[in-house]
*Asks:* 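Next up is a structure, given as C-alpha cells.
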Amino acid sequence: MGSARLRSKEAARAALAKSERTGQGIEAAQTAMRLSVYYEAARELARRLTEWSKQLDREERRFVVCTGGGPGIMEAANRGASEGKGLNVGLTISIPDEEFDNPYISRELHFYFHYFFMRKFWFVYLAKAVVLFPGGFGTLDELFEILTLVQTGKTRKRMPIVLFGTAYWDEVINFDTLVRYGTISPGDLDLFHRTDSVDEAYGIITKGLTENALGSPGPTL
C-alpha cells in the first residue's frame, strides 16, 4: 500500500529535467525525485519477495504480491513482482482520478471494486503480511483500519505490518504522542515495524510468513 502519486526514478528524473528546462514546477519535481526512492524500494522488495516465494516447496503455500492496482507505489510493487516472474494481484477501485489499469498486474488476477469497504475486506482477508509506503488519505485509512482490526482482535492471524519510510511516518503520525496521551497503549507500538531498509523489511516479512503463515495456507481472518 502507498501513494498513487509517486513516480519511478526514471519518470521523476525526466520530469525534473523538463522543469529545469522550462523553469516551472521545479520544487515539485525535486520532491518527486526524492520520493522516487520509495517507488524503487517497493519494486525491489516485491521482486525479492516474489523470488523467495517461488522457491517454496509446495505451490499452494506460495505467497503472491497484492496491491491496489493503481499507479505509484502500487505499480512499483506489481512491477517488481512481474520482474520476479511471478503472479501478482491488483484490487482496483473506481475513483475519478489517479487509479488506472497498471500494465504489470497478472491479467487473470485483476479485480475491480466500487466500494472501498469491500476492497478493504479483501485486502485484509487475503493478507499474510502488510507493507505500507508513504501515502495520503487512502493509505492512512488502510493503515488505521488494519491496526484497529489487529488491536481489537477482529483479525486473529499473526501478520507482519511494516511501515516503510521512517522519516515520513514519524513526521506524519506521532505515535509516541498517542501513547503519552493514553489514547493507545505502549504495547500497541509493537503491532508494527518501521524501517528504511529493503533488507530489513524483507527479513521481517519472510520470518513472519515462515513462522505464522506457511502452516495455514489460504485466506483467513
Side-chain angles (χ1 to χ4, degrees), residues 1-50 65-84 88 90-105 116 123 129-147 161-178 192-205:
M1 300 173 180
S3 176
R5 304 185 184 192
L6 271 61
R7 299 182 176 185
S8 66
K9 184 176 292 184
E10 61 265 30
R13 185 180 293 117
L16 178 58
K18 180 179 179 181
S19 294
E20 290 173 340
R21 286 195 307 271
T22 62
Q24 297 179 340
I26 292 177
E27 185 175 351
Q30 289 173 335
T31 299
M33 188 69 212
R34 290 195 298 271
L35 292 177
S36 69
V37 299
Y38 296 121
Y39 180 106
E40 300 304 333
R43 179 179 172 184
E44 180 185 354
L45 180 59
R47 177 187 59 78
R48 289 180 58 181
L49 289 172
T50 299
V65 168
C66 177
T67 80
I73 290 297
M74 295 170 280
E75 175 192 288
N78 291 119
R79 183 177 180 179
S82 178
E83 290 168 342
N88 62 89
L91 305 183
T92 301
I93 188 74
S94 57
I95 61 174
D97 304 306
E98 293 170 1
E99 299 282 342
F100 69 96
D101 299 346
N102 84 49
Y104 302 103
I105 302 169
F116 276 102
F123 270 135
V130 179
V131 188
L132 298 110
F133 282 80
F137 289 163
T139 305
L140 294 172
D141 175 53
E142 289 155 349
L143 167 63
F144 284 114
E145 186 96 48
I146 291 168
L147 288 178
I161 300 171
V162 177
L163 306 188
F164 198 100
T166 303
Y168 179 86
W169 289 112
D170 285 351
E171 184 174 350
V172 171
I173 307 171
N174 194 327
F175 291 103
D176 293 330
T177 296
L178 296 176
F192 57 89
H193 308 267
R194 283 172 282 189
T195 185
D196 294 303
S197 165
V198 171
D199 286 341
E200 184 175 13
Y202 174 85
I204 291 168
I205 295 164

*Asks:* Quick check: closest heavy atoms across Leu16 and Gln30, and the distance to 0.1 Å?
*Replies:*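 Minimum heavy-atom separation between Leu16 and Gln30: CD1-CG, 3.7 Å.
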*Asks:* Does the side chain of Arg34 come under 3.5 Å of the side chain of Thr31 through a donor N or O and an acceptor N or O?
*Replies:*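 Yes, Thr31 and Arg34 have a side-chain donor paired with an acceptor closer than 3.5 Å.
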*Asks:* Which value, rounded to the nearest 0.5 Å, describes the distance between Arg5 atom CZ and Leu35 atom CG?
*Replies:*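 That separation rounds to 12.0 Å.
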*Asks:* With heavy-atom distances below 4.5 Å as the criterion, would you say the side chains of Glu142 and Val130 are in contact?
*Replies:*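 Side chain of Glu142 against side chain of Val130, heavy atoms only: no contact under 4.5 Å found.
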*Asks:* Would you call Met74 and Met1 a side-chain contact if the rule is heavy atoms closer than 4.5 Å?
*Replies:*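 Met74 vs Met1: side chains apart.
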*Asks:* Are any of the side-chain heavy atoms of Leu163 and Phe175 separated by less than 4.5 Å?
*Replies:*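 Leu163 reaches Phe175 side chain to side chain.
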*Asks:* Would you indicate whether the side-chain heavy atoms of Trp169 and Leu132 approach each other to under 4.5 Å?
*Replies:*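 Of all side-chain heavy-atom pairs linking Trp169 with Leu132, at least one is under 4.5 Å.
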*Asks:* Search all heavy atoms of Asn88 against all heavy atoms of Ala81 and return the closest pair with its distance.
*Replies:*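 Closest approach of Asn88 to Ala81: CB-CB, 3.7 Å.
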*Asks:* Measuring centre to centre across the rings, with the benzene-like ring taken for any Trp, is Tyr168 within less than 6.0 Å of Tyr38?
*Replies:*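 Centroid separation for Tyr168 and Tyr38: 6.0 Å or greater.
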*Asks:* For Arg7, does the CZ atom sit with more than 12 other heavy atoms under 6.0 Å from it, leaving out its own atoms?
*Replies:*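 For Arg7, atom CZ is not crowded (no more than 12 foreign heavy atoms under 6.0 Å).
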*Asks:* Would you call Arg13 and Glu10 a salt bridge, taking side-chain N to carboxylate O under 4.0 Å as the test?
*Replies:*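 A salt bridge is absent here (no side-chain N lies under 4.0 Å from a carboxylate O).
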*Asks:* Could you measure the distance from the CD atom of Glu75 to the CD1 atom of Ile105? Nearest 0.5 Å is fine.
*Replies:*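 The distance works out to 9.5 Å.
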*Asks:* Shortest non-hydrogen contact from Arg48 to Val198?
*Replies:*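 Smallest heavy-atom distance, with atoms named: NH1-CG1, 3.8 Å.
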*Asks:* Do Glu83 and Tyr104 have side-chain N/O donor and acceptor atoms under 3.5 Å apart?
*Replies:*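 No, no side-chain donor-acceptor pair sits under 3.5 Å.
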*Asks:* Might you point out which heavy atoms bring Thr50 and Gly84 nearest each other, and give the distance in Å?
*Replies:*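 Smallest heavy-atom distance, with atoms named: CG2-O, 3.8 Å.
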*Asks:* Please round to the nearest 0.5 Å and tell me the distance separating atom CZ of Phe123 and atom OG1 of Thr67.
*Replies:*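 It comes to 6.5 Å.
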*Asks:* Show the nearest heavy-atom pair for residues Ala4 and Pro71, with the distance to one decimal.
*Replies:*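 That closest heavy-atom pairing would be O-CG, 3.4 Å.
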*Asks:* Measure from the side-chain N and O atoms of Ser19 to the backbone N and O of Ala15, and report whether any donor-acceptor pair falls under 3.5 Å.
*Replies:*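 Yes, the answer is positive, given that a donor and an acceptor are paired below the 3.5 Å cut-off.
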*Asks:* So, for Ile173 and Leu140, which heavy atoms are closest and what is the spacing to 0.1 Å?
*Replies:*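 Answer, listing the atom of Ile173 first, then Leu140: CD1-CD2, 3.8 Å.
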*Asks:* Would a 4.5 Å heavy-atom cut-off, applied to side chains only, mark Tyr202 and Glu44 as touching?
*Replies:*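 No - every pair of side-chain heavy atoms lies 4.5 Å or more apart.
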*Asks:* Find the distance between CD1 (Ile26) and CE (Met33) and round it off to the nearest 0.5 Å.
*Replies:*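 So the gap between those two atoms works out to 15.0 Å.
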*Asks:* Please report the interatomic distance CZ(Arg79) to CD(Glu40), rounded to the nearest 0.5 Å.
*Replies:*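 Arg79 atom CZ to Glu40 atom CD measures 6.5 Å (nearest 0.5 Å).
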*Asks:* So how far is it from Asp199 CG to Leu45 CG, rounded to the nearest 0.5 Å?
*Replies:*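 With rounding to 0.5 Å, CG (Asp199) is 9.5 Å from CG (Leu45).
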*Asks:* How far apart are the C-alpha atoms of Thr195 and Val162, what are their side-chain angles, what is the distance that settles it, and do they pass the side-chain contact (heavy atoms from CB on, under 4.5 Å) test?
*Replies:* CA-CA 7 Å; Thr195 185; Val162 177; 3.8 Å; yes
